[in-house]
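Every chain is numbered from 1, with letters handed out A, B, ... down the list of sequences. Predicted model, so just to flag it, every value in this text is computed and none were measured. These values consider heavy atoms only, across backbone and side chains, with no hydrogens, waters or symmetry-generated copies.
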Protein chains: 2
Amino acid sequence: MTDDRPRPVKTTQTSLALVRAVRDSDGATLSELADRLELAKSTVHNHLHTLIDEGFLVRDGDTVHVGLEFLSFGEHARERNPLYATARRHVYTLAKTTGHEADFIVEENGRAYSLEYAIGEPSRRGLSESSPFRAGNRFYMHNCASGKALLASLSESRVREILGRWGLPATTDHTVTDESDLFDELEAIRRRGYAVNDEELLAGYRSVGAAVTSPDGEVLGAFSIGGPTYRMATDESAIEEIARLLETEISSLEATLF
Amino acid sequence: MTDDRPRPVKTTQTSLALVRAVRDSDGATLSELADRLELAKSTVHNHLHTLIDEGFLVRDGDTVHVGLEFLSFGEHARERNPLYATARRHVYTLAKTTGHEADFIVEENGRAYSLEYAIGEPSRRGLSESSPFRAGNRFYMHNCASGKALLASLSESRVREILGRWGLPATTDHTVTDESDLFDELEAIRRRGYAVNDEELLAGYRSVGAAVTSPDGEVLGAFSIGGPTYRMATDESAIEEIARLLETEISSLEATLF
DNA sequence: ACTGTCCGTTCGAAACGCGTGAACGGTTGG
DNA sequence: CCAACCGTTCACGCGTTTCGAACGGACAGT
């Protein structure tokens, strides 16, 4: 499934690798990129200029940045999701009522993409302390609460397909990396109705997630509520309370899907 | 300035052309794309599969769509703008208080990109009637209100550079297509403090825009308020009222820039 | 002023890989 | 059961990308 059976277009791949590198380093110079990707400067030069010409990159002096042209495509992809407009509102109310962080994610190509994200009480945070999360973030399915909630609603064959494609990479030492352990947990999630992520994605971050399913049983996405461990209590009752909140919010959304 | 002095990477260009075609047709099949771009099916096949493999396109049966991978880059580009978080709130309040459509745009590479967009009273609209606008939209500078407001705040040389790069294409028969006419209008905009777009972008759409400038005179972006002609009155006083609203909102924002 | 070093840019030459078109297998509908 | 559509595969030849070396400009140290 991972095979590039059709001959991959290498040139496009290097262009995209450049764009990724630019985003990940939050702005980079031509030489930096040539070093990092082990390409000749002239090669990078040509790629950068075509990407700049197309609007996907912007130059600011000697450094290049990700261009706003991406926004048009990103918004397009996001709004293609029929649930986005409503889910968005639910994210805001969840964040506001809990005071924690809330987001709505969907599965695409075996990965979890955050379509909307909100913080409940930014006033509590120092200005320098910004969240590592934002809309558009891509996660693995097995190490975040909403991802696990989604997996629990998918068929076993689909889950195996996804795990086969992406594996179970560990991002902390709490990450579940054993496939049968994960299947056990998915079973528990189905019983409980919600999933918990206890520092499995990011040390010091805890969250609770639950999936949205359409009347005909199709899984549409998942909401999660989370925050730093010092604000998200670990005891059963606190978790339960958040889960209950999620469930009522989700069932009110599901009621509109007739 | 428009020259592709450095050899453009054609392969990347066709990949991007494919992605554009997919977005513009809101999902397309391989054969459609091959027809439209006059490429061999095998060529399109290879491009699509690498783009899918990278997450920038998604396949749904025989049709491909824009992938959520774009969202990550789009959000990155958007949040790189230091004004985005605050401007966003102002867009919402402008939309709410006026009941019209409001947006915040910035200039990049001589084009105007909408960073945030909101509708005041969606309840008035039929569900099928959705706005042609959304965040991420890219406009020419000369035929939208905020674009003209931005041009009016830029140096003449920069304006000439932009017009030289992109021209003054007409999108309706109200579009200003003569360069000296436009310069006259920019002068008027500087006097008045705001710009008006009277069906110059889109027939039946009217809007008012004004620019945000930093304390040291740098132009940071522009807000606009607009709507269908049947809701946006054309008489002087109504326009003036909206302009005044814009100005107070903008000066409250500018006050926070110390 | 001169040198060293960094940046991006240009250019010719060489090989690699992209683009092609024809043929294939699968599915749908007449 | 054939026709028409879809996406897929493959070998071949040309075009493009890639490279490295040389260039010019900006800047800092001496």
Side-chain angles (χ1 to χ4, degrees), chain A residues 1-23 25-67 108-109 161 165, chain B residues 1-23 25-67 108-109 161 165:
Chain A
M1 254 297 143
T2 320
D3 7 343
D4 281 321
R5 186 83 85 305
R7 321 181 188 171
V9 184
K10 289 199 174 184
T11 308
T12 298
Q13 288 179 325
T14 62
S15 268
L16 296 178
L18 279 169
V19 175
R20 286 216 161 84
V22 168
R23 181 197 53 183
S25 51
D26 200 68
T29 68
L30 188 152
S31 309
E32 279 170 25
L33 294 167
D35 277 359
R36 165 125 45 137
L37 301 187
E38 296 184 337
L39 294 169
K41 284 201 295 177
S42 48
T43 304
V44 176
H45 180 253
N46 290 336
H47 280 265
L48 289 189
H49 270 82
T50 65
L51 289 166
I52 287 169
D53 201 62
E54 300 269 354
F56 290 94
L57 293 178
V58 208
R59 64 180 296 174
D60 176 34
D62 271 356
T63 72
V64 293
H65 289 279
V66 174
E108 184 174 289
N109 200 22
E161 188 183 349
R165 170 91 163 84
Chain B
M1 252 294 147
T2 320
D3 6 343
D4 280 320
R5 187 82 87 302
R7 323 177 188 177
V9 184
K10 291 199 175 184
T11 308
T12 298
Q13 287 179 326
T14 64
S15 268
L16 296 178
L18 279 168
V19 176
R20 285 215 161 84
V22 168
R23 181 197 53 183
S25 51
D26 200 67
T29 68
L30 188 153
S31 308
E32 279 170 26
L33 293 167
D35 276 359
R36 166 124 47 135
L37 300 187
E38 297 184 337
L39 293 170
K41 284 200 296 178
S42 49
T43 305
V44 176
H45 180 254
N46 289 336
H47 280 265
L48 289 189
H49 271 82
T50 63
L51 288 166
I52 288 169
D53 201 64
E54 300 270 353
F56 290 95
L57 292 179
V58 207
R59 64 181 296 175
D60 177 34
D62 271 357
T63 70
V64 293
H65 289 280
V66 174
E108 184 174 289
N109 200 23
E161 189 184 348
R165 170 91 164 83

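- Counting any heavy atom pair closer than 4.0 Å across all strands shown, N46(A) reaches a base atom.
- In terms of position on DNA chain C, the residue among T12(A) and E32(A) whose nearest nucleotide sits closer to the 5' end is E32(A).
- Note on T14(A): only backbone sugar-phosphate atoms sit closer than 4.0 angstrom, heavy atoms only; bases stay farther off.
- Of all the heavy atoms in H65(A) and D26(A), the pair that sits closest is CE1-O, 3.7 Å.
- Distance, H47(A) NE2 to dC19(D) C1': 12 Å, rounded to whole Å.
- Considering only heavy atoms from C-beta on, V22(A) comes within 4.5 Å of L57(A) through its side chain.
- In this structure, CG of L30(A) is placed 6 Å from C1' of dG8(C), rounded to the nearest angstrom.
- A residue-by-residue look at V9(A) and A28(A) shows that A28(A) has its nearest nucleotide of DNA chain C further toward the 5' end.
- If you check every strand for non-hydrogen atoms under 4.0 Å, S31(A) touches sugar and phosphate atoms only.
- Put simply, NZ on K41(A) is 10 Å from P on dT9(C), counting in whole angstrom units.
- You'll find the side chain of T14(A) stays beyond 4.5 Å of the side chain of L37(A), heavy atoms only.
- Residue R59(B) places its side chain closer to dG7(D) than to any other of dG7(D), dC19(D), dT10(C).
- Of the side-chain N and O atoms in H49(A), none sit less than 4.0 angstrom from OP1 or OP2 of dG8(C).
- At the heavy-atom level, S42(B) lies under 4.0 Å from base atoms of the strands shown.
- Rounded to an integer number of Å, the gap from L48(A) CG to dC7(C) P is 14 Å.
- L39(B) places its CG atom 13 Å from the C1' atom of dG21(C), with the value rounded to the nearest Å.
- The interatomic distance linking H45(B) (NE2) with dA11(D) (P) rounds to 16 Å, in whole Å.
- For H49(B) (side chain) and H45(B) (main-chain N/O), a donor-acceptor pair under 3.5 Å exists by modelled atom type.
- Distance K10(A) NZ to dA15(C) P: 16 Å, rounded to the nearest Å.
- A salt bridge links R165(B) to D53(A): one of the charged nitrogens lies within less than 4.0 Å of a carboxylate oxygen.
- Residue-level contact check: T43(B) touches the bases, meaning some heavy atom is under 4.0 Å from a base atom.
- Side chain of R7(B), nearest nucleotide from dT16(D), dG8(C), dG12(C): dG12(C).
- Spacing between atom CD of Q13(A) and atom C1' of dG17(C) amounts to 12 Å, rounded to whole angstrom units.
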